[in-house]
Amino acid sequence: MPMGRPKAELILSADEQAQITSMARSRSIPAALATRARIVLAAAAGEPNSDIAQRLRLTGATVGKWRRRFIESRISGLYDELRPGKPRSIDDERVADLINKTLHTKPADGSTHWSVRAMAAETAISPTSVHRYFKLLGLRPHRSETFKLSTDPFFIEKLRDVVGLYLSPPENALVLCVDEKSQCQALERTQPMLPMGLGYVEGVTHDYKRHGTTTLFAALNVLNGAVLATCKPRHRHQEFMSFLREIDKAVPADLDVHCIVDNYGSHKHAKTKAWLAAHPRWHMHFIPTYSSWLNQVERFFALITDKAIRRGSFGSVRQLVQRIDQFVAHYNQNCKPFMWTATADSILAKLHRLCNRINGTGH
């Protein structure tokens with residue numbers, strides 16, 4: 001026969017059952033709170049306290065405590081009660097003064113931003129407390145972010161045009177992101193590189209010899225992520241038209257070509273326009289000014305710069321071109337498309353929030 005006083009029956013409503021189950025499975029809440037939720041679920045299923053304690057590796061007193069707390073206060077009873085502690089030494093007015101000075105003033109010594117110690121000296125609050133409030137309130141005066149608003153009068157129209165190609169490409173057509181990475185320098189380090197080892201990273205000298213530059217022309221296939229790339233010695237409309245001819249030969253004749261480019265002069269040159277007029281399957285889509293982030297081929301340029309160019313040492317332009325060709329060849333063997341998910345409306349909403357933030361700052 002069961003021993004001890006009979007336990008009060010624990011019954012969960014449908015809403016409580018759903019909420020407690022979610023708490024028990026969640027990894028974003030404290031582990032102790034998730035354990036208490038599992039205790040309640042097991043008790044509601046009719047499992048004895050002793051079995052719950054053994055299975056969850058708890059004491060019987062702990063299981064009984066949280067069972068009783070839930071019956072008395074329901075879900076709110078699973079949370080810890082407020083514990084007494086040392087009274088606050090920094091009142092709300094001093095915290096408000098700290099926030100106001102951080103957001104709306106500059107240090108008197110001519111600095112551009114507040115540091116923890118400078119704000120501590122200004123407000124007579126300890127540096128530890130200032131750092132704690134900065135972290136709590138999300139204040140980061142030591143950091144800044146750059147931004148650039150497009151001045152293109154047709155920004156919205158061009159944005160919807162390009163994003164529409166990414167999210168809903170036309171049938172019987174190929175969407176290509178085309179651009180040039182000019183001034184790729186063949187830099188040769190003046191001393192041999194120090195190889196990476198246990199406890200230290202690869203070392204390169206900061207000085208170098210220049211051996212010339214090349215321009216990388218690239219076309220990114222939005223459908224599968226494949227890249228058609230070539231290096232040319234100069235960055236003019238002649239080289240751009242030559243690259244367009246290479247693309248035209250590589251694309252099947254039965255497909256239209258939708259080409260996303262920026263507003264560089266060679267893309268709008270009179271001879272370029274004449275060539276495009278003679279090839280009606282080509283359709284040019286210009287991104288807004290100061291919006292290179294809208295051209296997906298820029299992401300490929302970031303990859304090749306980081307993985308093949310920046311940390312290399314090249315004794316000639318030919319070596320640099322060979323390294324680029326090698327990287328592109330291996331990249332195309334396992335290429336994957338860059339998945340564009342942002343809609344034009346979401347981008348415009350983000351821009352609206354940015355404009356609201358800088359409203360009244362002189363822009």
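Every heavy atom of this structure was used, including side-chain atoms; hydrogens, water molecules and symmetry mates were not. Fair warning: this is a prediction, and the values are worked out from it, not measured in the lab.
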Residue pairs passing the salt bridge (charged side-chain N to carboxylate O under 4.0 Å, His left out) test where at least one lies in residues 110-135, sequence neighbours excluded: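 Residue pairs with at least one partner in residues 110-135: Lys101-Glu122.
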Phe300/Tyr331 aromatic ring centres below 6.0 Å: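 Under 6.0 Å, so yes.
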Residue pairs passing the ring pair (Phe, Tyr, Trp, His ring centres under 6.0 Å) test where at least one lies in residues 80-103, sequence neighbours excluded: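 For residues 80-103: none.
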Only counting residues at least two apart or in another chain, list the ones meeting side chain to side chain donor-acceptor pair (under 3.5 Å) with [X].
X      : answer
Ser50  : none
Thr343 : Ser346
Thr151 : none
Asp109 : Ser111

Residue list, salt bridge (charged side-chain N to carboxylate O under 4.0 Å, His left out) with Arg94, at least two apart or on another chain: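 Checked Arg94 against salt bridge (charged side-chain N to carboxylate O under 4.0 Å, His left out); zero matches.
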Sidechain-backbone polar pair: [X] side chain, [Y] backbone, donor-acceptor under 3.5 Å:
X      : Y      : result
Ser13  : Glu16  : yes
Thr214 : Lys232 : yes
Arg69  : Leu78  : no

List, one per line, each side-chain donor-acceptor pair under 3.5 Å for residues 251-265, sequence neighbours excluded.
{"unit_1": "His258", "atom_1": "ND1", "unit_2": "His285", "atom_2": "NE2", "d": "2.9"}
{"unit_1": "Asp262", "atom_1": "OD1", "unit_2": "Tyr264", "atom_2": "N", "d": "3.2"}
{"unit_1": "Asp262", "atom_1": "OD1", "unit_2": "His267", "atom_2": "ND1", "d": "2.9"}
{"unit_1": "Asn263", "atom_1": "OD1", "unit_2": "Lys268", "atom_2": "NZ", "d": "2.9"}
{"unit_1": "Asn263", "atom_1": "ND2", "unit_2": "Ile287", "atom_2": "O", "d": "2.7"}

Among Leu139, Ile99, Ile90, side chain to side chain contact (heavy atoms under 4.5 Å, CB included) partner for Tyr133: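 With Tyr133 as partner, side chain to side chain contact (heavy atoms under 4.5 Å, CB included) holds for just one option, Ile90.
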Residue that, paired with Glu180, satisfies side chain to side chain contact (heavy atoms under 4.5 Å, CB included) out of Phe217, Phe243, Phe301: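 That would be Phe217.
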Polar contact flag, side-chain donor to acceptor under 3.5 angstrom, [X]-[Y]:
X      : Y      : result
Ser76  : Ser73  : no
Asp97  : Asn100 : no
Thr128 : Ser126 : no

Pairing residues for Tyr166 by the ring pair (Phe, Tyr, Trp, His ring centres under 6.0 Å) criterion, not counting sequence neighbours: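 Tyr166 satisfies ring pair (Phe, Tyr, Trp, His ring centres under 6.0 Å) with Trp340 only.
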Partner residues of Arg27 under the side-chain contact (heavy atoms from CB on, under 4.5 Å) criterion, sequence neighbours left out: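 Once residues adjacent in sequence are excluded, Arg27 has no partner under the side-chain contact (heavy atoms from CB on, under 4.5 Å) criterion.
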Residue list, side-chain contact (heavy atoms from CB on, under 4.5 Å) with Gln185, at least two apart or on another chain: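 Gln185 satisfies side-chain contact (heavy atoms from CB on, under 4.5 Å) with Leu187, Arg210, Thr213 once adjacent residues are dropped.
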All pairs passing side chain to side chain donor-acceptor pair (under 3.5 Å) where residues 296-315 contributes a residue, at least two apart: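 Every side chain to side chain donor-acceptor pair (under 3.5 Å) pair that includes a residue of residues 296-315, provided the two are not neighbours, is Lys181-Thr305, Glu202-Arg311, Asp306-Arg310.
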